[in-house]
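Since this is a predicted model, take the numbers as computed values, not measurements. The figures that follow rest on heavy atoms only: side chains count, while hydrogens, waters and symmetry mates do not. Quick note: residue numbers are just sequence positions, from 1.
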Amino acid sequence: MYRNIRTMISCTNLTKKNNSTMATNYRLLTPAEIAQLEKQLCVADSWENIQVAENFTPTHIHYTRFSGTIRLGVFEKEFQLPGGMSKHAGLCRVTLHNVTVGDNCCIENVKNYIANYTIGHDTFIENVDIILVDRETSFGNGVEVSVLNETGGREVMIHDRLSAHEAYIMALYRHRPQLIERMKEIVQAYVKERTSDSGQIGSHVTIVDAGYIKNVFVGDYCQIEGTSRLKNGSINSNEHDPVHVGSGVICDDFIISSGSNVEDGTMLSRCFVGQACHMGHNYSASDSLFFSNCQEENGEACAIFAGPFTVTHHKSTLLIAGMFSFMNAGSGSNQSNHMYKLGPIHQGALERGAKTTSDSYILWPARIGAFSLVMGRHVKHPDTSNLPFSYLIEEKNTTYLAPGVNLRSVGTIRDAQKWPKRDKRKDPDRLDQINYNLLSPYTIQKMMTGRMILKDLSKVSGETSEIYSYQSAKIRNSALNKGIKFYEMAIHKFLGNSVIKRLENLHFTSDEEIRCIRLQPDTAVGGGEWVDVSGLIAPKSEVERLMQEIETGSLTTVAEMHAQFAEMHRNYYTYEWTWAYEKMLEFYQLDASRITAKDIVAIVKQWQQSVVELDKMVYEDARKEFSLSSMTGFGADGTRREQELDFEQVRGAFESNPFVTAVLEHIRVKTELGNELIARLDNLL
C-alpha cells in the first residue's frame, strides 16, 4: 500500500509550537493518562517504566503494548500520504520493548515488536514484521570481507568511514604484515565506539511493508520500502543524501553509505556499498566492496573490489575476484578465478577505465592496462599494465594487442567527460577522493615505459618482423609502430598541458625568470613513481609516508587516515608539476639551468600539433557513428533518403552533434591557448 512513497510523505504541524527536536525533559504518566491509555486498549508491564515528554497527550495511542524502559515524545503532526490520505502521528497495534520514540512519529501495524531502539522525530513506520537489536552489535562495522581471494588472505574490515583508498591498502599490501595489523587495530577501535546493545532509527525515516530488521542502524531521512531482510548492518543515510532500500532486498553483514539506492530484489552478503551507488534488478553480490558511484544491476559479483564508477547492467555478467574502477562491463563479461587445482585462489585487475565487450572472458591471473578495451576470450594470463589505452582482441585463441589505439577513440574521450558529470554524491563529507584525469603522471609514466618496451621489441626482433611477442600477447608490426606514435602524442599533450598551465597569465622579462622563478616546482614531493589508489592518483612516496605513519603508530584513527588521503588529493596539481617538470627535462633532453623561451615555444608547438592530431582522430572516429552502415535498421520500408532522414531525426546530423562540435571547439581553443603563450614569450625569442 505504501510502496514508493519516498519524498511523498510530509508532515503538517497541527500546533504553532515547533517540535522538530526530540524531547529532553521527561516525566511519568499521570493516573488520568494511564486510565485513558487502558481505555484505548493499551497495556504495560509497568506503567512506572514509561516516561513521556512534558506536552505529551495519549490521544493518538491505541492497541499498544509496552515493556521495559519506554520514553515517548509528543504526537502533534499529520503525515500526508499519496492519494491525499492523512495519518496522525501516534502508536497503533505495536509492541515496544526498551524503546525511545521521538516527537511526532507514526508507528502502526508492527506484526511482532520493536525492541532496544531509539527512534528519532518525524519518523513513519508501518506494516513491518520485526525490528530489534539482540545483544551487543557493531551494526556491520568490523565485518571481514574476503575480497579478491574467496579463500581468504586479503580480508578488508568494513566500517562506516571506509574509503576505497584505505581498502586498497588493506587488501593489497599484505607483504607488510605490521601495516595490516596496525590498520586492523585502528578499525577495531572505531568498531568498539560503534558497538552497543541498542540501535538507532534516525529522524524523518520511513519504514513500510518491511520484513525482518535485526541489528541495523538506520540514519536520518532513510527510506526502507518493501525490504525482505536486513541483518547486522548500517544504513548511513542523512539529510544531505538520503538512502533508499527497496522491494525484496536482502542484506546480511553490510554497510550502505549515503546517497545510495539498493532496489528490486538485490541480495548482498558481507558487502560494503559506497556513496551514491545504485544496485537493483535482482543483483547479487557476496564478499565484495563497491565504492562511490558504482552501478550494479541484473548480474552477479563475488569477491570483487569495485572502485569508483564500476558499472555492470546485464544479467549474464559475472564479475569475480577482480579489481576494477571506472569500468564498464559488457553483457556476458566473465572471469574465472578457479583452475581446478588448489581452489578459487586466483585474482586479476582491470586498471582504471578498462572496458569489456559483450561475451568477453579473462582467465585470472591477469592484469589489463588502464583505459584498455577487452574483446573476446583471453586465457593466457596477459599483463598489459605498461601498455595502457590498448585493445586486447582475441583471434583464434590468441590475444592480439594494439597499444595506445584507445587514445584516438571517441568512446574514451566521452567516458572522461561523463564521469565527473555522473558523480551523484550530495553528501559534503565525501569518503572517496576521486581524480578524473585521463592523462596524469600515473598513465603517462606507463606510456613512457610502454614506448620504450615497444621500441625495444622492434630493436630486438627487427623492424621488419610481422609479429612481435609481449608477455602472452602478440603485437602486429603496424600496431607496434602506431602505438609508439600514439604514446608520444599523449606524452607531448600532457607535458605541454602542464607547462602551459604553469605559465598561465604570467609575463616574463628574461629566460632566467622563466627558469628560476616560474618553472621551479613548489615542492620536492611528486617525483618518482605515481600510483592509482582506487580513484586517488598520488605520488607513491606520499602513500608510502602514510603507511609508515600507520606502522609507527603516529597515525592512530580512521579520521586521521581519511584526512591524509584528502590532503594528497588537494595537493594533486602541486605534486603533478614536480613530476611533469622532471619528465619534461628528461623527455626533451633539456638542462634545467639553460632552459630558454625558445625551448618553451618548441614544447608548446609540439603540444599544439599533438592535441590537434589526436582531436582529428577522435573526430574521424565519431564520424563512423554516422556512416551509411550505422543507418542500417533505420527507416520503415522506405528509400535510402527516408532512411537517412529517419536517422537524422533520431540521432541528429554529424555536424551538429554536441560531442562533434565540442571536439572542433577544443581544437580552436587549444590552438589559441598555445598561440597566446607564444605571444607572451615573443619578446624573449
Side-chain angles (χ1 to χ4, degrees), residues 371 387-390 402-410 412-414 416-417 437-441 443-452 454-455 458 478-506 508 511 514 518-519 576-577 579-590 595-623 659-682 684-685:
F371 299 101
L387 295 171
F389 293 90
S390 298
V405 70
N406 226 8
L407 282 162
R408 71 178 186 189
S409 169
V410 65
T412 302
I413 306 304
R414 178 176 170 271
Q417 293 175 351
N437 290 1
L438 194 70
L439 301 181
S440 67
T443 51
I444 295 298
Q445 73 187 3
K446 288 178 176 292
M447 284 190 243
M448 288 180 165
T449 302
R451 173 174 170 265
M452 295 309 300
L454 297 178
K455 285 191 168 187
S458 179
S478 59
L480 182 139
N481 291 320
K482 287 180 181 177
I484 294 172
K485 181 182 177 183
F486 289 140
Y487 287 155
E488 287 179 349
M489 284 193 294
I491 294 166
H492 287 311
K493 182 176 179 178
F494 172 80
L495 293 176
N497 279 340
S498 297
V499 170
I500 290 171
K501 187 67 179 175
R502 184 70 178 180
L503 301 180
E504 190 175 35
N505 299 323
L506 299 175
F508 318 99
D511 288 336
I514 295 174
R518 305 307 185 191
L519 292 182
E576 182 194 66
W577 174 247
W579 188 88
Y581 178 71
E582 291 180 4
K583 295 302 178 183
M584 178 189 74
L585 299 177
E586 177 187 324
F587 189 72
Y588 295 114
Q589 298 181 338
L590 299 173
I595 293 177
T596 65
K598 185 177 180 181
D599 296 321
I600 300 300
V601 169
I603 292 172
V604 172
K605 287 183 176 179
Q606 185 65 65
W607 169 82
Q608 282 180 318
Q609 181 181 335
S610 297
V611 168
V612 171
E613 191 169 352
L614 280 170
D615 278 351
K616 286 181 177 178
M617 290 180 183
V618 171
Y619 180 85
E620 291 304 319
D621 196 43
R623 186 187 292 276
F659 184 86
V660 173
T661 56
V663 170
L664 295 175
E665 178 66 10
H666 188 260
I667 292 174
R668 185 189 67 79
V669 169
K670 293 300 183 182
T671 301
E672 290 180 358
L673 186 64
N675 290 340
E676 189 273 337
L677 176 56
I678 292 171
R680 278 189 281 123
L681 294 170
D682 188 58
L684 299 179
L685 296 179

Could you check if a side-chain atom of Q608 sits within less than 4.5 angstrom of a side-chain atom of I678, using non-hydrogen atoms only?
yes
Sequence neighbours excluded, the answer for side chain to side chain contact (heavy atoms under 4.5 Å, CB included) partners of S409 is Y391, N406, T412, D621
Kindly indicate, with the supporting measurements, whether the criterion side-chain contact (heavy atoms from CB on, under 4.5 Å) is fulfilled by D599 and T596.
CA-CA 5 Å; D599 296 321; T596 65; 3.4 Å; yes
Contacts of type side chain to side chain donor-acceptor pair (under 3.5 Å), residue S458, not counting sequence neighbours:
none
Look up atom CZ in F486 and atom CG in L454, then write down how far apart they are to the nearest 0.5 Å.
12.0 Å
Quick one: pull up CE in M584 and CG in L519 and give me the separation to the nearest 0.5 Å.
5.5 Å
Partner residues of K485 under the side chain to side chain donor-acceptor pair (under 3.5 Å) criterion, sequence neighbours left out:
E613
Output all residues satisfying ring pair (Phe, Tyr, Trp, His ring centres under 6.0 Å) with Y581, sequence neighbours left out; order by chain, then residue number.
W577
Are side-chain heavy atoms of R451 and I491 found at a separation under 4.5 Å?
yes
Euclidean distance, E488 CD relative to M447 CE, rounded to 0.5 Å:
12.0 Å
So does P388 get a backbone contact from the side chain of S390, meaning a donor-acceptor N/O pair under 3.5 Å?
yes
Could you go through Y588 and I603, starting from their C-alpha distance and side-chain angles, then the distance that decides it, and tell me whether this counts as side-chain contact (heavy atoms from CB on, under 4.5 Å)?
CA-CA 8 Å; Y588 295 114; I603 292 172; 3.9 Å; yes
Salt bridge (charged side-chain N to carboxylate O under 4.0 Å, His left out) partners of R668, counting only residues at least two apart:
E665, E672
For N437, all residues meeting side chain to side chain contact (heavy atoms under 4.5 Å, CB included), sequence neighbours excluded
N435, S440, Y572, Y573, E576
Measure the CZ-CG distance between F587 and L495 for me, rounded to the nearest 0.5 Å.
7.0 Å
Please round to the nearest 0.5 Å and tell me the distance separating atom CG of D682 and atom CG of L677.
11.0 Å
For the student: nearest non-hydrogen atoms of L506 and R502, plus distance
CD1-O, 3.6 Å
Residues at least two apart in sequence or cross-chain that pass salt bridge (charged side-chain N to carboxylate O under 4.0 Å, His left out) with K605, listed by chain then number, are none
In chain order, what residues pass the salt bridge (charged side-chain N to carboxylate O under 4.0 Å, His left out) check against K482, with sequence neighbours excluded?
none
Please name all residues satisfying side chain to side chain donor-acceptor pair (under 3.5 Å) with K501, sequence neighbours left out, ordered by chain then number.
E504
Given the rule in the side-chain contact (heavy atoms from CB on, under 4.5 Å) test, do T443 and L438 qualify, once you have shown the distances and angles that lead to the verdict?
CA-CA 8 Å; T443 51; L438 194 70; over 6 Å; no
Name all residues meeting the salt bridge (charged side-chain N to carboxylate O under 4.0 Å, His left out) criterion together with E676; count only those two or more places apart in sequence or in a different chain, and write none if there are none.
R680
Just jot down the ring pair (Phe, Tyr, Trp, His ring centres under 6.0 Å) partners of F371, sequence neighbours excluded, or say none.
F389
Closest contact, heavy atoms only, A479 versus P403:
O-CD, 3.7 Å
Heavy-atom closest contact (L407 atom, A490 atom, distance):
CD1-CB, 3.8 Å
Would you please test W607 and L673 for side-chain contact (heavy atoms from CB on, under 4.5 Å) and show each step?
CA-CA 11 Å; W607 169 82; L673 186 64; 4.2 Å; yes
If I take atom CG from residue N481 and atom NZ from residue K455, how far apart are they, to the nearest 0.5 angstrom?
10.5 Å
Residue pair I595 / I600, side-chain heavy-atom distance below 4.5 Å:
yes
Cut-off 3.5 Å, side chains only: do H492 and Y487 have a donor facing an acceptor?
no
Please enumerate all residues that pass side chain to side chain donor-acceptor pair (under 3.5 Å) together with Q589, with sequence neighbours excluded.
none
